[in-house]
Number of protein chains: 2
Amino acid sequence: MSQQRPGGQSGQPGAVPALPDLPEATVARLPEYLRALHNLAETGHDTVSSEGLAAAAGVNSAKLRKDLSHLGSYGTRGVGYDVALLIEQIEYVLGLTQRRAVALVGVGNLGHALAGYAGFATRGFRIAALFDADPSRVGEQISGLVVRHIEDLAEIAAAESIAIGVIATPAAAAQSVADQLVAAGVTSILNFAPCVLSVPEGVDVRKVDLAIELQILSFHEHRKASLTSLPATGPTGGLTALPGGLSATGTEEAVGT
Amino acid sequence: MSQQRPGGQSGQPGAVPALPDLPEATVARLPEYLRALHNLAETGHDTVSSEGLAAAAGVNSAKLRKDLSHLGSYGTRGVGYDVALLIEQIEYVLGLTQRRAVALVGVGNLGHALAGYAGFATRGFRIAALFDADPSRVGEQISGLVVRHIEDLAEIAAAESIAIGVIATPAAAAQSVADQLVAAGVTSILNFAPCVLSVPEGVDVRKVDLAIELQILSFHEHRKASLTSLPATGPTGGLTALPGGLSATGTEEAVGT
DNA sequence: AGGCGCTTGTGAAGTCGTGCACAAATCGCG
DNA sequence: CGCGATTTGTGCACGACTTCACAAGCGCCT
Ligand SMILES: NC(=O)c1ccc[n+]([C@@H]2O[C@H](COP(=O)([O-])OP(=O)(O)OC[C@H]3O[C@@H](n4cnc5c(N)ncnc54)[C@H](O)[C@@H]3O)[C@@H](O)[C@H]2O)c1
Ligand SMILES: NC(=O)c1ccc[n+]([C@@H]2O[C@H](COP(=O)([O-])OP(=O)(O)OC[C@H]3O[C@@H](n4cnc5c(N)ncnc54)[C@H](O)[C@@H]3O)[C@@H](O)[C@H]2O)c1
């Protein structure tokens with residue numbers, strides 16, 4: 001166990017340049033832990049056990065401990081984790097010690113909502129610029145920012161050190177926008193348009209597609225409905241609510257031949 | 001268009017109400033395949049190979065074939081998949097043969113964008129009702145729907161057979177809204193608020209959190225930046241583009257103590 | 001000081017998902 | 001009618017992730 005963890009007990013709070021290379025699944029959960037930790041900090045907790053934090057983050061405690069162990073040993077056996085220290089560590093690993101500048105392209109329906117979203121600012125990001133291709137939108141002012149024409153992207157991206165771009169244009173324009181973002185030096189893209197983007201090696205893309213989320217839920221609805229005939233095999237007899245949860249499934253399957 | 005449900009060549013077009021139970025990872029990809037298929041259909045393709053569809057959906061072809069094989073054998077060796085048939089099958093499995101009614105709670109910044117989003121309608125869903133707790137918003141009309149007070153949820157959910165709910169309220173209200181949705185018979189929830197929801201067994205929750213997506217991207221930015229000193233160790237020597245991708249990484253780490 | 005209860009960190013086993021590689025199936029063509 | 005080109009469906013090995021279970025470490029109490 002004498003793992004020479006980056007930074008950890010080395011006593012030297014100075015330099016910890018090398019990131020441990022975390023499993024992707026762990027990286028995806030760290031932000032959730034971070035949010036939970038901030039909640040705990042605000043409600044006056046100084047320390048928290050893996051059990052407690054796991055509950056707050058909606059995962060099981062073994063997973064949480066293993067995730068955190070990848071960052072190093074920041075817990076105290078018999079006590080738990082120091083909330084403030086853990087926040088610091090996770091923020092460091094996620095690269096949130098600096099406030100990252102983000103460009104938002106496509107100031108339509110969705111873009112407006114995103115531009116006005118406070119959650120960006122409170123969680124480590126700064127919307128540094130808004131872009132659109134529609135001349136009638138250019139110049140419009142939204143939460144303190146003026147919408148710029150997409151042509152100015154390269155210039156502004158360089159000036160503001162923008163490395164993250166958000167695409168909120170129609171799908172038809174998304175690939176073209178992505179190309180322009182990449183050309184402007186952006187190396188991470190969050191894409192809201194329902195399409196696959198092709199980007200060069202070294203550029204990360206994450207996608208958020210509302211309809212996909214709903215369709216996954218739809219599948220589960222479908223599956224639940226096809227199980228209605230079965231008796232309440234409830235593995236856990238103790239579900240509190242589940243009110244009348246019945247009529248909902250009334251007429252589902254029309255599997256009729 | 002008689003539903004030739006699963007069991008294609010089994011000859012017995014009798015009853016196959018039971019869904020094959022698909023791996024969760026497969027379920028999550030089916031919507032992506034479906035979108036790609038619709039694109040192909042619109043551009044006049046009648047059939048598509050696993051290779052072609054995989055490219056359109058952004059996955060590798062082996063994965064795609066394995067995913068589809070879970071639904072049954074709907075391809076023709078030497079030819080590929082019949083686009084229309086595959087669309088029909090995937091829509092059946094996802095439970096999209098009926099247009100599912102969705103309730104949207106919280107008609108604020110984000111809620112407005114969602115309410116006006118056409119992608120719902122074109123991909124199997126119908127926003128059946130909008131709810132808010134703010135009296136000044138109740139009565140407002142948005143894309144043909146009147147905003148109702150959250151108190152009317154149970155009544156309307158029953159009347160409209162709503163089984164899916166979308167939460168777009170502040171985090172502080174989300175759990176309470178979730179409880180009300182569940183009490184109204186909703187069994188699937190899409191949550192945009194940054195918090196964990198606790199729901200009874202049998203209710204599915206999916207979460208979309210913008211800030212988490214950005215933080216994951218931030219991690220990768222951080223990691224890329226900590227590698228700048230290394231030469232282009234490119235495991236694959238053949239990256240095509242990678243335009244000027246340079247200055248972007250200029251001043252990164254400010255690993256101050 | 002020593003023992004006790006609590007909690008972390010982690011080997012190890014189990015589960016799930018991925019990708020390869022190829023036999024089987026089908027079509028088009030000669 | 002048979003053959004070769006093509007593409008699916010899948011067995012298998014591998015890797016990633018999850019979960020269990022417990023020894024080691026820590027603080028507190030006596
Ligand atoms: N509205 C939603 O709730 C919602 C939800 C999920 C996904 N989406 C997706 O997000 C995207 C945007 O949705 P929306 O409802 O805001 O659409 P919208 O039409 O309201 O807005 C699109 C904006 O992009 C701009 N645009 C078009 N081409 C551009 C280009 N080449 N460069 C820069 N800007 C360009 C348009 O001028 C417009 O302002 C769509 O792909 C949609 O499918 C929207
Ligand atoms: N705006 C965005 O782009 C964005 C992006 C990602 C996530 N989110 C999240 O989505 C949620 C909504 O964001 P927003 O910007 O639209 O906030 P908002 O404040 O503009 O809107 C929230 C709406 O919910 C209503 N509401 C409050 N309590 C309610 C209750 N108990 N029942 C019913 N309605 C209630 C409010 O009246 C208001 O209309 C937040 O949790 C936010 O973190 C927003």
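Proteins get letters first, then strands, A, B, ... in listed order; numbering begins at 1 in each. Side chains included, hydrogens not; waters and symmetry mates left out as well; all remaining heavy atoms used.
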Engineer: Between T76(A) and dT8(C), is there a contact of a side-chain N or O with OP1 or OP2 at under 4.0 Å?
Structural biologist: no
Engineer: Send over the distance from L71(A) CG to dT10(C) P, rounded to a whole Å.
Structural biologist: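 Roughly 12 Å, once rounded to whole Å.
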Engineer: Applying side chain to side chain donor-acceptor pair (under 3.5 Å), can you list everything that pairs with N60(B), at least two apart in sequence or on another chain?
Structural biologist: none
Engineer: Please list residues of residues 53-67 of chain B whose heavy atoms come under 4.0 Å from any atom in DNA chain C, ordered by number; otherwise none.
Structural biologist: N60(B), A62(B), K63(B), R65(B), K66(B)
Engineer: What pair of heavy atoms forms the shortest contact from L68(A) to Y33(A), and how long is it?
Structural biologist: CD2-CD1, 4.2 Å
Engineer: Mind calculating the distance between CG (D82(A)) and C1' (dT8(C)) to the nearest angstrom?
Structural biologist: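 It is 15 Å, rounded to the nearest whole Å.
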Engineer: Quick one: list whatever passes side chain to side chain donor-acceptor pair (under 3.5 Å) with T47(B), sequence neighbours left out.
Structural biologist: none
Engineer: Assess the side chains of E221(A) and T187(B): does a donor N or O sit below 3.5 Å from an acceptor N or O?
Structural biologist: yes
Engineer: For the side chain of R77(A) and the base of dT8(C), is some donor closer than 3.5 Å to an acceptor across the two?
Structural biologist: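 Pair found.
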Engineer: Under 4.0 Å from OP1 or OP2 of dG9(C): is there any side-chain N or O of Y81(A) that close?
Structural biologist: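 For Y81(A), the contact criterion (side-chain N or O under 4.0 Å from OP1 or OP2 of dG9(C)) is met.
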Engineer: Reckon E24(A) touches a base, only the sugar-phosphate, or nothing at all at heavy-atom distances under 4.0 Å?
Structural biologist: sugar-phosphate
Engineer: Between T97(B) and Y92(B), what is the shortest heavy-atom contact and its length?
Structural biologist: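 Answer, listing the atom of T97(B) first, then Y92(B): CG2-CA, 3.8 Å.
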Engineer: Within this structure, what is the OG-CG distance for the pair S61(B) and L53(B), rounded to the nearest 0.5 Å?
Structural biologist: 10.0 Å
Engineer: Atom CG of L110(A) and atom OH of Y117(B): how far apart are they, to the nearest 0.5 Å?
Structural biologist: 8.5 Å
Engineer: Look at the side chain of R100(A) and the backbone N and O of G95(A), then say whether any donor-acceptor pair between them is shorter than 3.5 Å.
Structural biologist: yes
Engineer: Is the shortest side-chain N/O distance from S50(A) to OP1 or OP2 of dT7(C) below 4.0 Å?
Structural biologist: no
Engineer: Can a donor-acceptor pair be found between the side chains of H220(B) and E24(A) at a distance below 3.5 Å?
Structural biologist: yes
Engineer: Taking side chain to side chain donor-acceptor pair (under 3.5 Å) as the test, write out the residues that go with T26(B), two or more places apart.
Structural biologist: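 For T26(B), the residues satisfying side chain to side chain donor-acceptor pair (under 3.5 Å) (neighbours in sequence not counted) are D67(B).
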Engineer: Report the residue (V79(A) or T26(A)) whose heavy-atom-nearest nucleotide on DNA chain D is the more 5′ of the two.
Structural biologist: T26(A)
Engineer: Determine, for D204(B) against R223(A), whether the closest basic-nitrogen to carboxylate-oxygen distance falls under 4.0 angstrom.
Structural biologist: no
Engineer: Would you name the heavy atoms of P194(B) and D209(B) that are closest together and state the gap between them?
Structural biologist: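 So the two residues come closest at CB-OD2, 3.3 Å.
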Engineer: May I have the distance from Q89(B) (atom CD) to dG9(D) (atom C1'), rounded to whole angstrom?
Structural biologist: 16 Å
Engineer: Just the rounded figure in Å: distance from C1' of dC27(C) to CG of D46(B).
Structural biologist: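 Value for this atom pair: 16 Å.
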Engineer: Just how far, in rounded Å, is C1' of dC20(D) from CD of E51(A)?
Structural biologist: 13 Å
Engineer: Quick check on contacts: within residues 30-45 of chain A, what sits under 4.0 Å from DNA chain D by heavy-atom distance?
Structural biologist: none
Engineer: To the nearest Å, how far apart are Y74(B) OH and dT26(C) P?
Structural biologist: 15 Å
Engineer: So what is the 5' to 3' dot-bracket string for DNA chain D, if pairs are Watson-Crick or G-U wobble with both distances under 3.5 Å, crossing pairs use [ ] and | means the partner sits on another strand?
Structural biologist: ||||||||||||||||||||||||||||||
